[in-house]
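Side chains included, hydrogens not; waters and symmetry mates left out as well; all remaining heavy atoms used.
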Amino acid sequence: MSRTSRARRLPFFAAAIIAASAGAVAVTPSAAVADPAAEPVVVVPDAKAVLNGSAADLVADPVHQQVFVSLSIPASVIALDHNGTVKQTITGFSNPGEMVLSGDGTTLYVLDGNSTRTIHAIDTQTLARSSTVLPETECPRTAAFTGGKLWFSYASCTSIDTGGIGVLDPATGVATTGILTGKPGNLTALPDRPDRLLFSEWGTGGMFRLYDVSGETPVETATGTRPSCADTTLTADAERVMAACGDLEIYRTSDLTRERTITTPGGAGQIALSADGRFAAVTDGYHPGADSYLVYDLTAAASAAPVRKYTFDYNTSLSPDLAFLADGTLVGTTSQNGTVTVHFKRYATKAGTALTVKAPKGVRFSDRFKVTGTMTDGPGVAATVAVTRTDRTGVHDLGTVAVSASGAFTLPQIPAVTGVNEFTFTYAGDDGHQPATASTSVTVKPRAFDFNNDGYAETVTGTPGENLGDDSDTGQLYVLPGTAAGTTGTGSVAIHQDSAGVPGSNEDGDFLGEVTASGDFNGDGYADLAASLAGEDLGSAKNAGSVLIFYGSATGLKTSSGVGSLSVSTSSGYLGSSMAAGDFNGDGIDDLAVGEPYAGYYGYGGVYVWRGSTTGLSSGNREYHDAEDYDVPGDGNTSELFGYSMSAGDVNGDGFDDLAAGAMYDWEVKNWSTGSVTVLYGATYGLVSAGSQFFTKDTSGVPGGSGSFNPDKGDSSDMFGAQVVLADFNGDLKADLAVSAPGSPVTGTDGKRKADAGTVTVLYSNGTKIATTGAVQYTQATAGLPGNPGSDDFYGGTLAAGDANRDGYAELVINSAGDAFVTVIPGSGSGLAASKAKSWTQDTPGIPGGNETGDYWGSSLRFIDVKGTGYMTLIVGASGEDKFGALTVVYSTSGGLTGTGAKFFSQDSTGVPGAGESGDGFGTFW
């Protein structure tokens, strides 16, 4: 295709060159500093010990940080530490059963109730054992320690229905039986409350009896009936009795009447109270087949579900013994196949706090993003979570983030280091809540166009009109290195199809480099380059077009080998007329959308998406969308040029990039060409039809409306969608949409109609999609914007967006072809701020050169980070400068773009290969 014919299909721009905007939002690198002293909170895991035998009872010894377990088979008492390690096995028993600690914790009493009728006393520090033998007819069953004495209930060794209560005086070692007579039962007491000895008869329909044993003779102070109860205990204030009687029953000790019932699903067995009295733990049924420990918050409603449930295999029997350690750990035993397992359940008396966190799988280096999380069962607004980031440079302390009342928390981030960044969130816990931790990883992709990942983006331009040898308009690529001082011509390289290792060969009208895009297409941490050959012939398919893929490496672009080529054989499709890199399937590797706007019946157009992978882009791994497909709005009328412009960005913050595709000659609304934009949303399998959006100037809520197309008045089409940009203009981390219509008529300040003056429409994301609420149409008549509308200005012929001043809001740059200047509108928390807009020309102080007719300064625009500072540099192409083209590099500071230090490059610049020739188009990079 000749340059002349290509110019005729771009009627809105005298130079026949329109730039494709990058659309990415530039942001500030993180300044997090490693803090080696930062100590992560360690969540102590549960522990357990496995013993051979059959368990009878369990007692916690808080004084010596140990737990005792009595085994009836083999007859022994096992002492364990709080990690489940066996300290000692104590023998010399016949059939050890219930155990009780003395009030000062120095002595463990073990009832040996069979024929030996013995009460053993074990020194809890030395673990030495002594014994007291009871009369031959009295076998001890249960015991309680209070008032400095051990009270025990015993049964007749020949009949369980008769027995009584006796007392052992540790001072003398003498045991006295027959103090009280009657049925045997459970005893419950508090060491320092001799006025509260609770006796619960065994059997159904028995009695509660409360005794005051502070004097010489026990005095019964209250009596009450109760159902069959497996276990009882007194609350710490001795004013309540907790009883496992099928359900969990609470009685007043004053009169032994029932005060409250907590329904337990499987029938309460053994019971234990936490040291602060807030929590009660029960075995879920004390019959065979029971399978859970349940923990109840006693401050909750009677109908409340347990706050903790520890479930065991159905074939596991729960031994009837539980205890709380001082730190809230619940200790219990289970039995299965002749073994006893002692379980240490940490944090049983604390809410089961949990953290879940979510982040995009991959982000561009320059894109701000958020890691979001949820805390469940936490303290709410009083909580904070500490955050660390681990990357290839080490561990960085990021401080803390607050948790809202709903449990949500958010960590805004600006990528500082490429590669895998792991974020770890830690909640330290408190008296009522468990500590918790959660992690997520984000792959930070390299800066766009930073091919060697040295932190400085390279400046890439094409010379699509370059003649090489006998081939005219074959085109060539130029790569100018980035450095800490900015773009430099030193070390620049030129690449064409006759370069070693590059597929194909130079041919007339290939237009290499007219469109370029960058992404990490193989996930190796180096930016890669896609370069168009829109006029490439493929066999008999003339002007089918193709795309070359150059992969980055530690030494820069690889050109001598491994260069990829993407193509489809559609005659006059001009594949590669537009491109956009984005991660549309959320796998952390960039994909490449490639426009084929002239494909189909007289050019209704289409878009191919090649999916990135660890092996890069390949011809077979792709999807296709066109204006005639069921999966995008539009009916595929002739000459729509769907896919003429494209931009990628995440509109809804779901971690999948979305794609805006313009069809600048769409005939959808009027019976003449007005133009449209389709937004396709990313998902696991790539861009999908569900939820896609379609906009024209006549869409409800879109300001302005389409102009009346009147060729007799010199009109071009409105060309709504000639340029599209997805970028975050208001800092909500959701991409907004800017759409140009450079052929729109505008009423000038003189009140007259200006054909092809041009407009730019901005539609903001509402968090889930592009919305029309708050949409704004900009023209050169908009208050605050420089210039005046004029015929053939083609305002919006080129767009670009990027965060020049690193404030979190993208600037929008608009080229006005007829005026030879660009307008920069800064972003803000409320969106683009037209009142702060500024125009830039080659006559602006600091900008090299000067305005000249035919320069086409601004015909290409791109934001990249050439200095590695996070302040985005604006690259301005002037494809007609001195007839062969040039580019201007405009740097940025915290104050935004500045003319200070701006640089000018052409093929005649030091270090840049070759020499400028008329029509080369250096400075073309759409």
Side-chain angles (χ1 to χ4, degrees), residues 21-31 360 363-371 410-416 447-448 457 582 647-653 657-658 660 723-740 760-767 770-771 773-778 782-786 796 799-815 822-840 861-865 867 869-875 890-898:
S21 163
V25 183
V27 292
T28 309
S30 171
V363 297
R364 296 179 184 87
F365 181 87
S366 58
D367 284 356
R368 293 174 183 258
F369 69 97
K370 290 180 180 178
V371 185
T410 301
L411 175 72
Q413 274 293 284
I414 307 170
R447 294 168 176 83
S647 183
D650 189 353
V651 170
N652 51 15
D657 278 330
D658 311 308
Q723 288 282 279
V724 292
V725 166
L726 286 173
D728 180 14
F729 300 122
N730 58 7
D732 65 354
L733 302 186
K734 311 291 193 306
D736 309 308
L737 174 65
V739 184
S740 73
V760 175
T761 303
V762 176
L763 307 168
Y764 290 94
S765 169
N766 64 6
I770 295 295
T773 302
V776 180
Q777 177 178 270
Y778 295 102
T782 300
L785 295 186
L799 300 178
D803 184 5
N805 59 354
R806 209 167 66 172
D807 64 354
Y809 311 112
E811 280 72 58
L812 178 65
V813 184
I814 304 171
N815 169 250
V822 298
T823 299
V824 179
I825 309 177
S828 73
S830 56
L832 292 172
S835 63
K836 298 180 180 179
K838 181 180 178 181
S839 65
W840 292 80
L861 297 169
R862 172 176 288 153
F863 274 108
I864 54 175
D865 186 7
K867 290 185 176 182
T869 61
Y871 296 107
M872 299 299 276
T873 297
L874 178 64
I875 312 297
V890 185
Y891 298 112
S892 299
T893 68
S894 59
L897 292 169
T898 176

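- No side-chain heavy atom of Tyr764 sits less than 4.5 Å from a side-chain heavy atom of Asp732.
- Between the CG atom of Asn652 and the CG atom of Asp658 there is a distance of 5.0 Å, given to the nearest 0.5 Å.
- Here the CG-CZ distance, from Leu411 to Phe369, works out to 7.5 Å after rounding to the nearest 0.5 Å.
- Applying the side chain to side chain contact (heavy atoms under 4.5 Å, CB included) test to Lys838 and every residue at least two apart in sequence or in another chain returns Trp840.
- Considering every non-hydrogen atom in both Ala735 and Ser765, the closest pair reads O-CB, 3.3 Å.
- In this structure Ser835 satisfies the side chain to side chain donor-acceptor pair (under 3.5 Å) test with no other residue, sequence neighbours excluded.
- Formation of a donor-acceptor pair under 3.5 Å by the Asn805 side chain with backbone atoms of Gly895 is not found in this model.
- Listed here is the closest heavy atom pair of Ala834 and Tyr778: CB-CE2, 3.9 Å.
- Annotation: the span from Ile770 atom CD1 to Leu726 atom CG amounts to 6.0 Å, rounded to 0.5 Å.
- Between Ala804 and Glu811 the shortest heavy-atom distance is N-OE1, 2.6 Å.
- Contact detail for Ala775 and Leu763: the closest heavy-atom pair is CB-CD2, 3.3 Å.
- Across every non-hydrogen atom of Leu799 and Gln723, the tightest pair is N-OE1, 3.5 Å.
- Atom CZ of Arg368 sits about 6.0 Å away from atom CG of Asp803, to the nearest 0.5 Å.
- With sequence neighbours left out, Thr873 forms a side chain to side chain contact (heavy atoms under 4.5 Å, CB included) with Val866, Ile875, Val889, Tyr891.
- Side-chain contact between Lys734 and Val651 is absent, with no heavy atoms from C-beta onward closer than 4.5 Å.
- For the side chain to side chain contact (heavy atoms under 4.5 Å, CB included) test, residues two or more places apart in sequence or in another chain that qualify with Thr898 are Thr893, Thr900.
- In this structure, Pro826 and Tyr809 have side chains that are not in contact, with every pair of non-hydrogen atoms separated by 4.5 Å or more.
- Counting heavy atoms from C-beta outward, Arg364 and Asp657 have side chains that approach closer than 4.5 Å.
- We find the CG-CG distance between Asp367 and Asp650 to be 9.0 Å, quoted to the nearest 0.5 Å.
- For the salt bridge (Lys or Arg N to Asp or Glu O under 4.0 Å) test, no residue two or more places apart in sequence or in another chain qualifies with Asp736.
- Each of Asn730, Val776, Leu812 was evaluated against Leu832; a single residue qualifies, Leu812, per the side-chain contact (heavy atoms from CB on, under 4.5 Å) test.
- By the side chain to side chain donor-acceptor pair (under 3.5 Å) test, Ser828 is found to be paired with Ser830, residues two or more places apart in sequence or in another chain being considered.
- Going from atom CD of Gln777 over to atom OG1 of Thr782 covers 7.5 Å, rounded to the nearest 0.5 Å.
- Heavy-atom minimum distance, Leu897 versus Val890: CD2-O, 3.8 Å.
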